[in-house]
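Have a look at the structure below before the remarks.
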Amino acid sequence: MSETENNPSIEAGAPSAAAALQFGWWGILVFLSLGVVLEILHGFKVQWYLHPDYEVRHLMGRLAHAHGTGLSLLMLGFGATLNTVEASTRTRLQLSGVLIRAAVVLVPGGFLLGGLWPHGADPGLGIVLVPIGALALFVAVLRIARTLALPAA
């Protein structure tokens with residue numbers, strides 16, 4: 001039985017708090033695991049990661065880990081928010097949930113890809129995903145703030 005069938009106050013097509021929470025927790029697992037891998041590379045002094053010629057790789061890895069973890073926490077906050085609002089408001093927040101998910105993937109993914117194939121002191125082409133994800137995040141947060149400032153429809 002779906003969440004909509006279990007709870008008639010949830011409108012079809014509205015973002016699910018449970019789905020947002022699940023996405024957030026999986027994101028935390030992925031990006032904290034990335035942090036452990038980076039620590040292992042650092043601990044074993046793996047030159048592919050630590051060599052001074054690849055400092056950009058080291059930086060991009062740390063940025064991917066930090067931003068991915070932080071954005072996953074934001075997704076958990078979004079899921080918690082969905083649990084506090086009426087069904088009509090959840091429906092209005094549907095696009096925001098999609099945009100936050102995009103940001104969780106694009107921002108750290110861009111940093112990670114940018115660090116895998118750097119060009120000298122510059123990150124690789126994958127870095128172009130970061131501003132796209134940042135824009136998605138900005139729009140999502142703006143929409144959430146505006147939606148929550150409006151009276152429930």
- Derivation and outcome, side-chain contact (heavy atoms from CB on, under 4.5 Å), residues Leu93 and Ile144: CA-CA 6 Å; Leu93 292 174; Ile144 292 167; 3.9 Å; yes

- When rounded to the nearest 0.5 Å, the distance separating CD of Glu39 from NE2 of His65 is 7.5 Å

- Message: If I compare all heavy atoms of Phe78 with all of Ala20, which pair ends up nearest, and what's the gap?
- Response: CD2-CB, 4.0 Å

- Is there a path of hydrophobic side-chain contacts, each under 4.5 Å between heavy atoms of I, L, V, M, F, W or Y residues, that connects Leu142 with Val98? no

- Close side-chain approach of Leu34 to Leu38, heavy-atom, < 4.5 Å: yes

- Query: Would Leu135 end up clustered with Leu74 when hydrophobic side chains under 4.5 Å apart are linked, directly or stepwise?
  - Reply: no

- Query: Can you check side-chain contact (heavy atoms from CB on, under 4.5 Å) on Met75 and Leu21, steps first, answer last?
  - Reply: CA-CA 7 Å; Met75 181 54 100; Leu21 292 170; over 6 Å; no

- Heavy-atom closest contact (Pro108 atom, Ala103 atom, distance): CD-O, 3.5 Å

- Taking the side chain as every heavy atom from C-beta outward, state whether Ser96 and Thr147 have any atom pair closer than 4.5 Å. no

- Minimum side-chain heavy-atom gap Leu50-Glu55 below 4.5 Å: no

- Is there a donor-acceptor contact under 3.5 Å from the side chain of His119 to the main chain of Gly124? no

- Task: Look at the side-chain heavy atoms of Ile, Leu, Val, Met, Phe, Trp and Tyr, link any pair under 4.5 Å apart, and say whether Leu116 and Val107 land in one connected group.
- Result: yes

- Message: Is any side-chain heavy atom of Met60 closer than 4.5 Å to one of Ile127?
- Response: yes

- Taking all non-hydrogen atoms of both residues into account, name the closest pair between Ala64 and Phe31 and its distance. O-CD2, 3.9 Å

- More than 12 foreign heavy atoms under 6.0 Å from CD of Gln47: is that the case here? yes

- Message: Starting from Trp117, can I reach Leu41 by hopping between I/L/V/M/F/W/Y residues whose side chains sit under 4.5 Å apart?
- Response: yes

- Message: If you apply the rule side-chain contact (heavy atoms from CB on, under 4.5 Å), what do you find for Ile40 with Val36, and how did you get there?
- Response: CA-CA 6 Å; Ile40 290 169; Val36 169; 4.0 Å; yes

- Item | Spacing of OG belonging to Ser72 relative to CD1 belonging to Ile100, to within rounding of 0.5 Å | 11.0 Å

- Message: Check this for me: Tyr49, atom OH, are more than 12 non-hydrogen atoms of other residues, nucleotides or ligands nearer than 6.0 Å?
- Response: yes

- With Val104, which of Leu73, Leu71, Thr69 fulfils side chain to side chain contact (heavy atoms under 4.5 Å, CB included)? Leu71

- Message: Is there a side-chain contact between Leu76 and Ile28 in this structure, where contact means two heavy atoms from C-beta onward sitting under 4.5 Å apart?
- Response: yes

- Task: Give the cluster check for Leu112 versus Trp26: same hydrophobic cluster or not, with ILVMFWY residues linked at side-chain heavy-atom distances below 4.5 Å.
- Result: no

- Task: I would like to know whether Val130 and Leu63 meet side-chain contact (heavy atoms from CB on, under 4.5 Å); could you show each step before the answer?
- Result: CA-CA 11 Å; Val130 175; Leu63 287 169; over 6 Å; no

- Between His51 and Arg57, is any pair of side-chain heavy atoms under 4.5 Å apart? no

- Closest non-hydrogen atom pair, Leu99 against Ala136: CB-O, 3.5 Å

- Note on the structure: In terms of heavy-atom contacts, Pro118 and Val56 come closest through CB-CG1, 3.2 Å

- Query: Taking all non-hydrogen atoms of both residues, which atom of Leu106 and which atom of Gly133 are closest, and how far apart?
  - Reply: CB-CA, 3.7 Å

- Using a 4.5 Å cut-off on heavy atoms from C-beta on, say whether the side chain of Arg101 contacts that of Val105. no

